[in-house]
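Whatever order the structure lists ligands and atoms in, that order sets their numbers, starting from 1. All of these numbers come straight from a predicted model, not from anything done at the bench. All values below were derived from every heavy atom in this structure, side-chain atoms included, with hydrogens, water molecules and symmetry-related copies excluded.
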Amino acid sequence: MLDPVVAIATSPGESALAVIRVTGDDCLQIVQQIAPGCSPSPRKAMHVLLKSPKDSSPLDDVILLYYKAPSSYTGEDMFEIFCHGGIVTVQSIYETLVGMGCRPAPPGEFTKRALLNGKMDIFQAESIEQIVRARSQKEVELSLQTLEGKLSRTFHQLHHRFADLQVEIEAKISFPDDVPSDDSSIFIELKKCSQELQKHIQSFSYLKKIQSGFSLTLMGRTNVGKSTLFNALIGYDRTLVSPYPSTTHDYVSEEVIWDGFSIHIYDTAGYISDAVHPLDIIFNDRMTSLFHSSFQLVYIIDTVDFQNEDLALINQYKRSNMIIVVNKTDISSPDPSWMQKLPPDIPIVEVSAKNKTGIDHLIHHVTTDIRNSLGPSPDHYVNERQHTVLIRIQQILQRLLPPSKPFLDQVAEDLNEIVYILKEELNVSHSRKMLDDIFSHFCIGK
Ligand SMILES: Nc1nc2c(ncn2[C@@H]2O[C@H](COP(=O)(O)OP(=O)(O)O)[C@@H](O)[C@H]2O)c(=O)[nH]1
Ligand SMILES: [Mg+2]
């Protein structure tokens, strides 16, 4: 076991509860000094009044959980103290423990110890941070697959395949008379490995897309109900709605999570067709770049006030991932003669933003467009660091595949390098620098 460390595992500020974690050598004796008379049983919650070891003044009324090594997150003796939230109690317990010899834990120290003690491998360790930092449910779902061990199995399988090839080639080079002279099976297997690698490399771009989220911009003439729809979509009254034209200036944005995806919705003042004022011209420029950079454009029409200008703007901004919303259908159904003028290849959704009808239908259209743009979801994904490792291997592999015609000696040499890289990834004793790099991005207490 390593020296004892302590960390506040929850965010600072007022809250019902906070969690303090202690792990390492002597942590049982240390905690017993602030929980006098308490002899904790492993994995059994205990209700305890913590006291200062100096003057026995009360620190807080808490729940203590003791995990005995090796059955703990870190693999060492470990405690979790569930105390009252807020600034004072949490800090006083934390400082008392530091005063008693617990070192403040650096970021990721608990997971780093779990890795060093063989409780998890590097992929699982990284997935924990990915879950904590996830911006969407989809990312959590995929990170949980890595935590469960899918990515570890992928790297192990790749390592086995390359190591088998390595043995086969070494045999061909050392005993050319004893093994078949045809090398084609080796190159077929190398190609298959390269295709497999490519699949995992591509999972990173899937991750990047879901991490950066999607943007949706509401567009349309003034008073068609953009802000009303915006508020209906985000679920509360964020922007001002009024019957007066130009209520919204500039644009406002809010994030929603639909179907596990993070989406930034922009409410705009639309587009000023007769702009002459310099401010209106600047505003139009900003709107235009927002329309172009948005993943999804939602053009809103007022069912009782459909204008030629709507048709002109729709045709001007027509593109994929565009939806036409016919709003205010609580007042009247859309006029069929107008509807037939709309481009037939853009989906149309009828809503009443005021009564919040048709909203689910609109959301369904948006999430379907997101899914279509992403393509099939990978089973799990690689993060940036793992992506760099796979790219490095793929670059080496490319030297061995057509149109190159390498000698077996060259193949053997390159395979040695690939096997070495994969071994380094799977090895429990990673270099200190690699661990420091990885864990420096973690949260404190994780
Ligand atoms: N009847 C009805 N009125 C609506 C609906 N959506 C918006 N409005 C009204 O239309 C006016 C303009 O709405 P607003 O959201 O500010 O439009 P914006 O200028 O496009 O942002 C307000 O008086 C809203 O109450 C709707 O679905 N039905
Ligand atoms: Mg508005």
> Relative to the heavy atoms of D330, which atoms of ligand 1 are at a distance of less than 4.0 Å?
Replying inline: 1 (N), 2 (C), 26 (C), 27 (O), 28 (N)

> Is it true that R135 and E139 have a side-chain N and a carboxylate O under 4.0 angstrom from each other?
Replying inline: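 No, R135 and E139 are not salt-bridged.
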
> Does a salt bridge link K446 with E129, judged by any charged N lying under 4.0 Å from a carboxylate O?
Replying inline: no

>> Below 3.5 Å, N or O to N or O, backbone or side chain included: is there any such pair between K226 and ligand 1?
In response: yes

> ligand 1 and I331, any nitrogen or oxygen pair closer than 3.5 angstrom?
Replying inline: no

>> Between T222 and the Mg ion (ligand 2), is there a contact where an N/O/S atom of the residue lies under 2.8 Å from the metal?
In response: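 It does not: T222 brings no N, O or S atom closer than 2.8 Å to the Mg ion (ligand 2).
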
Show me the side-chain donor-acceptor pairs of residues 297-309 shorter than 3.5 Å, one per line, residues at least two apart or across chains.
unit_1	atom_1	unit_2	atom_2	d
Y299	OH	D310	OD1	2.7
D302	OD1	V304	N	3.0
D302	OD2	K328	NZ	3.0
T303	OG1	S332	O	3.3
D305	OD1	Q307	NE2	2.5
E309	OE2	S273	OG	2.5

>> Please compare K328, K354, R221 and report which has the shortest non-hydrogen distance to atom 10 (O) of ligand 1.
In response: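 Looking at heavy atoms only, K328 sits closest to atom 10 (O) of ligand 1.
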
> Who's closest to atom 13 (O) of ligand 1 heavy-atom-wise, of T228, T268, V326?
Replying inline: T228

>> Tell me whether ligand 1 is touched by A353 - counting only heavy atoms on the residue side and a distance under 4.0 Å.
In response: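 So A353 counts as touching ligand 1.
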
>> At under 4.0 Å between heavy atoms, is it the side chain or the backbone of N355 that contacts ligand 1, or both, or neither?
In response: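 Neither part.
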
> Of the non-hydrogen atoms in S352 and N355, which two are nearest, and what is the gap between them?
Replying inline: OG-N, 3.0 Å

>> Please determine whether side-chain hydrogen bond (donor to acceptor under 3.5 Å, both in side chains) holds for the pair Q386 and Y381, giving the CA-CA distance in whole Å, both sets of side-chain angles, and the decisive distance to 0.1 Å.
In response: CA-CA 9 Å; Q386 298 147 2; Y381 66 79; over 6 Å; no

>> Walk me through whether Y66 and S72 qualify under side-chain hydrogen bond (donor to acceptor under 3.5 Å, both in side chains).
In response: CA-CA 9 Å; Y66 170 49; S72 70; over 6 Å; no

